Peer 1: 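This is the structure, below, for whatever I ask next.
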Amino acid sequence: MKQISTGGEEQSMCSLCLALLVDVPRDDNITAKMMESLHIPKGIQRVLFRTLNTDRQLMWKKEFDTSYVGFMEDGAQWLVDNTDIKLVGIDYLSVAAFDDLIPSHLVLLKNRDIILVEGLKLENIMPGIYSLHCLPLRLRGAEGSPIRCILIK
């Protein structure tokens with residue numbers, strides 16, 4: 001396991017971990033009600049959320065789209081309070097919904113130092129458990145890094 005720095009604190013991030021890819025209902029942002037409906041099993045620590053962003057192919061567009069799907073504050077709080085998740089991945093440039101950017105990020109980062117993986121391309125991948133490989137660039141003094149994520153069934 002390699003130690004990574006998240007805002008001054010060291011945290012473990014393995015180079016090979018199991019992750020659950022879930023399909024999020026396509027009608028709205030990720031709220032507490034939606035999180036509860038996903039029935040993520042206890043003990044799962046890494047979850048990749050495939051949303052309407054994938055269907056709309058937002059990661060392939062050149063322009064930033066503020067209508068993307070992301071976490072609302074109550075959905076982020078539900079995740080922190082009711083799961084063991086330590087890594088959240090999502091299929092657009094922010095894990096937080098555009099209308100709730102700061103509150104959602106604060107909940108995820110402040111309460112448990114959850115690792116956020118943004119900008120995933122998840123088309124043509126079936127929901128389920130995968131080996132997740134996150135390969136970050138080594139950047140001295142940075143609080144984050146571009147990474148290459150690889151899923152293996």
Side-chain angles (χ1 to χ4, degrees), residues 3-14 17-123 125 127-130 132 134-137 139 141-149 151:
Q3 297 293 316
I4 62 168
S5 177
T6 55
E9 292 189 23
E10 296 298 314
Q11 188 176 50
S12 294
M13 181 175 177
C14 59
C17 302
L18 294 181
L20 174 65
L21 172 64
V22 297
D23 267 325
V24 174
R26 300 302 204 254
D27 55 352
D28 206 355
N29 283 309
I30 303 171
T31 62
K33 182 178 178 182
M34 186 179 293
M35 282 298 301
E36 190 171 4
S37 76
L38 293 174
H39 304 290
I40 296 170
K42 278 286 192 195
I44 295 290
Q45 295 186 340
R46 293 158 201 90
V47 180
L48 309 178
F49 293 87
R50 181 174 42 209
T51 70
L52 182 62
N53 302 330
T54 293
D55 299 346
R56 294 176 58 208
Q57 298 185 339
L58 293 185
M59 284 304 300
W60 296 103
K61 298 189 187 262
K62 292 181 181 179
E63 307 83 29
F64 181 73
D65 188 333
T66 60
S67 68
Y68 67 88
V69 172
F71 275 85
M72 299 300 288
E73 182 179 13
D74 70 320
Q77 192 64 58
W78 194 95
L79 182 144
V80 168
D81 293 343
N82 297 287
T83 72
D84 301 317
I85 295 173
K86 296 180 180 186
L87 181 145
V88 171
I90 198 157
D91 54 356
Y92 200 55
L93 301 175
S94 176
V95 71
F98 188 76
D99 295 334
D100 218 8
L101 277 174
I102 302 300
S104 298
H105 275 104
L106 288 176
V107 168
L108 293 169
L109 296 173
K110 180 180 175 189
N111 292 323
R112 279 211 329 241
D113 286 327
I114 294 171
I115 296 169
L116 305 179
V117 180
E118 299 165 325
L120 296 172
K121 294 180 179 174
L122 298 173
E123 58 271 339
I125 302 171
I129 299 285
Y130 291 86
L132 171 66
C134 292
L135 311 169
L137 293 177
L139 301 174
E143 66 178 41
S145 166
I147 62 171
R148 173 82 60 186
C149 281
L151 292 179

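Please read all numbers here as calculations on a predicted model, not as lab measurements.
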Peer 1: Can you tell me how far the CG atom of L48 sits from the OH atom of Y130, to the nearest 0.5 Å?
Peer 2: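 Separation between the atoms: 9.5 Å.
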Peer 1: Between M59 and D91, what is the shortest heavy-atom contact and its length?
Peer 2: CG-O, 3.5 Å
Peer 1: Test side chain to side chain contact (heavy atoms under 4.5 Å, CB included) on I90 and I30 and set out the steps.
Peer 2: CA-CA 11 Å; I90 198 157; I30 303 171; 4.0 Å; yes
Peer 1: Any side-chain heavy atom of L139 within less than 4.5 Å of one from P146?
Peer 2: yes
Peer 1: CG/L120 to OG1/T54 distance, rounded to the nearest 0.5 angstrom?
Peer 2: 8.5 Å
Peer 1: Looking at every heavy atom in both E118 and L93, which two are closest together, and how far apart are they?
Peer 2: OE1-O, 3.6 Å
Peer 1: Going by the rule ring pair (Phe, Tyr, Trp, His ring centres under 6.0 Å), which residues pair with F98 if we only count those two or more places apart in sequence or in a different chain?
Peer 2: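 In terms of ring pair (Phe, Tyr, Trp, His ring centres under 6.0 Å), with neighbours along the sequence ignored, F98 is linked to no residue.
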Peer 1: Which atom names give the shortest non-hydrogen contact between A76 and S104, and what distance separates them?
Peer 2: CB-O, 3.9 Å
Peer 1: To the nearest 0.5 Å, what is the distance between CE on M35 and CZ on F71?
Peer 2: 5.0 Å
Peer 1: Using side chain to side chain contact (heavy atoms under 4.5 Å, CB included), reason through E123 and W60 one step at a time and then give a plain yes or no.
Peer 2: CA-CA 11 Å; E123 58 271 339; W60 296 103; 3.4 Å; yes
Peer 1: Start with the C-alpha gap between L151 and L132, add the side-chain angles, then the distance that decides, and say whether side chain to side chain contact (heavy atoms under 4.5 Å, CB included) holds.
Peer 2: CA-CA 5 Å; L151 292 179; L132 171 66; 3.6 Å; yes
Peer 1: For L87 and I85, which heavy atoms make the closest approach, and how far apart are they?
Peer 2: O-CG2, 3.3 Å
Peer 1: Decide yes or no on side chain to side chain contact (heavy atoms under 4.5 Å, CB included) for N29 and D99, but give the supporting numbers first.
Peer 2: CA-CA 10 Å; N29 283 309; D99 295 334; 5.5 Å; no
Peer 1: Mark yes when over 12 heavy atoms from residues, nucleotides or ligands other than K33 sit less than 6.0 Å from its NZ; otherwise mark no.
Peer 2: no
Peer 1: Heavy atoms only: give me the nearest L101-H105 pair and the separation to one decimal.
Peer 2: O-ND1, 2.9 Å
Peer 1: Could you state the interatomic distance from CG (D28) to CE (M72), rounded to the nearest 0.5 Å?
Peer 2: 8.0 Å
Peer 1: What's the spacing between Q77 CD and L106 CG if we round to 0.5 Å?
Peer 2: 11.0 Å
Peer 1: Taking atom CG of L109 and atom CD1 of I114, what is their separation to the nearest 0.5 Å?
Peer 2: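 Between L109 CG and I114 CD1, I get 8.0 Å after rounding to 0.5 Å.
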Peer 1: Answer yes or no: is there a donor N or O on one side and an acceptor on the other, between the side chain of K42 and the main chain of N82, under 3.5 Å?
Peer 2: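 Yes; judged by distance alone, with no hydrogens or angles, the pair exists.
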Peer 1: Output all residues satisfying ring pair (Phe, Tyr, Trp, His ring centres under 6.0 Å) with Y92, sequence neighbours left out; order by chain, then residue number.
Peer 2: F64, Y68
Peer 1: Any sub-3.5 Å donor-acceptor pair from R50's side-chain atoms to I125's backbone N or O?
Peer 2: yes
Peer 1: Give me each pair satisfying salt bridge (charged side-chain N to carboxylate O under 4.0 Å, His left out) with a member in residues 58-85, each pair once, sequence neighbours excluded.
Peer 2: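 Listed once each, the pairs are R56-D65.
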Peer 1: Contact between I129 and L20 at the side-chain level, heavy atoms closer than 4.5 Å - yes or no?
Peer 2: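 In contact.
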Peer 1: Is the backbone of I44 close enough, under 3.5 Å, to the side chain of R46 for a donor and an acceptor to pair up by distance?
Peer 2: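 No, the answer is negative, given that no donor and acceptor are paired below the 3.5 Å cut-off.
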Peer 1: For L137, does the CG atom sit with more than 12 other heavy atoms under 6.0 Å from it, leaving out its own atoms?
Peer 2: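 Correct, the count exceeds 12.
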Peer 1: Compare every heavy atom of V95 with every heavy atom of L108, then report the nearest pair and how far apart it is.
Peer 2: CD1-CG1, 3.9 Å
